[in-house]
Every structure is written in structure tokens, then in C-alpha cells.
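Note that ligands are numbered from 1 as they come in the structure, with each ligand's atoms numbered from 1 the same way.
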Amino acid sequence: MPYLDHAASSPLRPSARAAWLEAAAVVGNPSATHASGREARRLLEDARESIATSLGADPAEVLLTSGGTEADNLAVLGAVRASRPLSSIPDDDATVPALVTSAIEHPAVLEAARLLEGEGFGVAYAPARPSGQVDALALGDAVGEGTALVSLMWANNETGVIQPVSAAVTAAGEAGAIAHSDAVQAIGHLPFHFHESDLDLASISGHKVGAPVGTGALLARRGVALRAIGAGGGQERGIRSGTVDVAGAAALAAALAEAVAVREEEAARLRLLRGRIEEALAATPGARITGAELAENQRLPHLTHAVIEGLRAEALLFALDRAGLSASAGSACRAGVHQPSHVVLAMGGSEEEAGATLRCSLGWTTTEADVEALIGALPTAIERARAAGTRR
Ligand code: PLP
């Protein structure tokens, strides 16, 4: 069954499954000092080293988490809260925001930002252009002395548009702020080297690269100030308490190593397949591919996003599902109804456009036949969805 939703969750890689099964057979808490604990610790540290190598980081910079959401929460809440003494009340009237981020971030960043606003911290959200790129000048202008964190995603999960992260790093550096990027959608699809990026923090999610759901990491440079967001036994440099999931770490290491090793040839293969889908979309009246005007190196190679006039996303997805195809609107779905995309709205789109999106994301299991099946099914699916109307 053609599965074109790798950006939501990519199937488990056999290498990750094998690594998980092998590590899961080892008993022992990696914090225990007996032989079993030491064996678990050895597996954990081997996995950490492999993850670090795949991402251009040092092993000590890899903080294992339960996924991208926790990594984003830790980065955003942890860095901003650490910038003020516990007893001090943030200044509501501060003209310089403590957090500068963008309006198109994943909810894992945006909702954490809202929590900070509730605590009295100032937050600035840089707008995006119609192309899907965050306005780097507006982002830089919002940063000032007193800004604790600049957080900008590497590539947007709905549109696949690559963001001006190096401009964010520069702006943060000039203000003495910490620089974070949610790199969840970039890993395994774009070149990524933590040290070369000059970021202080980067978020990674396992299930976007073929590791199990519930695995991930926050890469954190040594010395970066983070306040823990949970209390407990002080594992993971005291920042992320809880017994570490050794089998999950081993599986994450295996999936990342494979994704990074084959990245270049896979990107070329998937870019060609994506091109076929985009040819079909370009020939569809009323369909507009997001970021089509951008250079090839400003978009993820495996993801295409379009606004298709005259329909609602859920009707189109329903019609595709009936044809045996799994795709996405890209935006959040609550009780089977797609919410208008906050990303499309932030790019200047209308409510109607924000509810009429299609995202197809390819990955390691995608075949030519999958793409042909989509192209074959699209015209009828669009026709059916249009016949169903645009009203909620
Ligand atoms: N950040 C981005 C850009 C994502 O696309 C996602 C998942 O869709 C997340 C964060 C959250 O990752 P996880 O599902 O591992 O919590």
C-alpha cells in the first residue's frame, strides 16, 4: 500500500529493529554498577558515540530524549528559564524578547513558547514569506541584548522549505544568545553537522529516520545553560531524568547511521520521484506547489506541499485513502478534521488556502510504483474532493 507520509513517521528500518532486539535482550539499568548494569551502560555509550558520529557532535553532547517534542521542549523551556534566576519574575514590559522564534515552527516549539509567555517572558515570532522562508531580517531585528534563545527550524515539516538557520545563528551570536534549531525533518535528508552548524542546541526525532517512535535526542554543546523541565535521578547531564532507554538508543544509532550513509544517493532518487509528483501537480488546474520558485537546495528533496483550490484537505485525503494511498495535509488534525495550517496562514495564505493543502513525503521504502499510483489516483481524488465542497 503506497505510503507517502514519511514526514509524519517513517517505517522502522530492519537495521534499527535488529539493533533494538539485540539491545532489549540485555538486562540491566545502565546506571547500576553491577556487571549487567555495566553491560547496559556499554551498549548505551556505544550507541551515543555512533549517534554523535552520525550528527557531527561529541558523545557528551548527545542528550537522549523521548523524541523531537521533548527535545524541543527542553531546548526552548530549558534555555529561556535558565537565563533568569529562579526567584526573579520576568519583566512583562521587556522590550527585547527573551525568545525569538518563527511563526512556522512545529507546535513542540510554539506551544513551549506560549508557556513561556504565560510565565511572563517576551516572545517574538518572525513571519514567513509567501515562498515559505522565514524572513531572516525580521528575525535578526527582533534579537537584542537580553534575548536568551533564538530558535529556528532547519526545514519546515509542512512545506519542506529550508530555513535561514545560519542567519539565526549569527543573530544569536551577536546578542550573546543561545542558538537552537529543530532539525527533526532535515536529519537523514540534508547534510547536517552539529559542530559545523555553530548551533548550541539541535533537536532530533528517531521515527522520522526509521528508528522507533519514542526515541530522539537533543544535541547540546558543553557549557550551554539549560534548566531541567522534569525532576528525577539526574540522568543525561542532570538535564533529562529517567532511566535511559538503551534499546531505543541502539535502534536510533542504527537508523541514523544507515540514513546518513545512504543520504546522498537517496536524496537524488527521491528528488526525481518528487519531481514526477510535482509535474502532475503542476498540470492540475488550481494547484500551486509551495516554494516552487525557490532554488532546489532550498527545499527538502523528499517532500512536496501544494495548495489545491476548491477543496478541503480532509476530503482529498479521504479520497486518496479510499484509493489505498496514505498522504497528509501537513497540518494538525483534531478528531478527523484538519485545522487550517498555521504555516500557510503565516506565509500570508487565506483560511481557505490553509485548509486546502496536500503534503506527500517520500522515504526509504518509497518506490516508483508508489508514485505512479499517486499520480494515477490524484485527478479523480481531487475531482471528488472538489465535488464535496469547501465548507466545514
Ligand atoms: N519537530 C518537527 C519539525 C516535527 O516534524 C515533529 C514531528 O512531526 C516534531 C518536532 C516532534 O517529533 P516527535 O514526534 O518525535 O515528538
Side-chain angles (χ1 to χ4, degrees), residues 3-13 16 51 55 62-78 101-115 125 128 132-134 151-163 165 168 180-190 192 199 201-219 229-230 240 242 245 248-249 251-252 255-256 259 290-291 299-300 302-305 326-334 338-339 341-344 346 357 359-363:
Y3 179 80
L4 301 165
D5 202 11
H6 284 253
S9 201
S10 194
L12 190 64
R13 289 179 190 264
I51 293 166
L55 300 174
V62 178
L63 301 177
L64 294 159
T65 67
S66 61
T69 299
E70 192 188 4
D72 281 343
N73 277 213
L74 256 178
V76 172
L77 300 175
T101 184
S102 84
I104 62 164
E105 299 296 311
H106 188 273
V109 166
L110 287 179
E111 294 303 319
R114 306 245 144 84
L115 275 181
Y125 302 90
Q133 279 178 319
V134 166
S151 178
L152 181 63
M153 67 200 324
W154 198 288
N156 183 264
N157 49 298
E158 294 191 24
T159 63
V161 173
I162 296 170
Q163 302 303 325
V165 170
H180 166 247
S181 183
D182 173 340
V184 163
Q185 293 291 345
I187 302 299
H189 298 286
L190 298 174
F192 178 87
L199 285 164
L201 299 166
S203 304
I204 315 296
S205 168
H207 70 119
K208 312 294 181 176
V209 293
V213 177
T215 62
L218 178 67
L219 304 182
I229 56 174
R240 201 276 183 177
D245 173 7
L252 176 61
L256 274 175
T290 306
R299 296 168 64 209
L300 287 173
H302 67 294
L303 189 154
T304 188
H305 176 271
S326 304
S328 167
S331 56
C333 175
R334 283 188 202 113
H338 281 88
Q339 307 300 305
S341 158
H342 71 283
V343 175
V344 173
T357 55
R359 178 186 74 181
C360 298
S361 51
L362 320 181

Student check: side-chain heavy atoms of Ser151 and Asp182 closer than 4.5 Å
no
Spacing of NE2 belonging to His6 relative to CZ belonging to Arg359, to within rounding of 0.5 Å:
11.5 Å
Apply the side chain to side chain contact (heavy atoms under 4.5 Å, CB included) test between Val62 and each candidate in Ile204, Leu219, Leu218; give the one that qualifies.
Leu219
Sub-3.5 Å N/O-N/O distance, Met153 and ligand 1
no
One finds that the ligand 1 atoms under 4.0 Å from a non-hydrogen atom of Gly67 are 15 (O)
Would you please determine whether Lys208 falls within less than 4.0 Å of ligand 1 on a heavy-atom basis?
yes
Heavy-atom side-chain contact between Ile104 and Thr159 under 4.5 Å
no
For atom 5 (O) of ligand 1, what's the nearest protein heavy-atom neighbour? Residue, atom name and distance, please.
Gln185 NE2, 2.8 Å
Can you find a heavy atom in the side chain of Gln185 that is under 4.5 Å from one in the side chain of Leu300?
yes
Considering only protein heavy atoms, which is closest to atom 1 (N) of ligand 1, and at what distance to one decimal place?
Asp182 OD2, 2.6 Å
If you compare Gly68, Ala8, Ser203, Gly206 by their heavy atoms, the one closest to atom 12 (O) of ligand 1 turns out to be Gly68
Would you check the N or O atoms of Ser66, main chain and side chain alike, for any that come under 3.5 Å of an N or O of ligand 1?
no
Taking side chain as C-beta onward, heavy atoms only, is Val109 less than 4.5 Å from Met153?
no
Starting from atom 4 (C) of ligand 1, find the nearest protein heavy-atom neighbour and note its residue, name and distance.
His106 CD2, 3.3 Å
I want to know if ligand 1 touches Glu70 in the polar sense, i.e. an N/O pair below 3.5 angstrom.
no
Taking only heavy atoms of His207 into account, list the atoms of ligand 1 that are under 4.0 Å away from them.
13 (P), 14 (O), 15 (O)
Side chain, backbone, both or neither: which applies to Asp72 and ligand 1 if a contact is any heavy-atom pair less than 4.0 Å apart?
side chain
Mind checking whether Thr69 contacts ligand 1 via backbone (N, CA, C, O), side chain (CB onward), both or neither, at a 4.0 Å heavy-atom cut-off?
both
Between Ser203 and Asp72, do the side chains contain a donor N or O and an acceptor N or O under 3.5 Å apart?
yes
Can you tell which of Asn156, Thr290, Asn157 makes a side-chain hydrogen bond (donor to acceptor under 3.5 Å, both in side chains) with His305?
Thr290
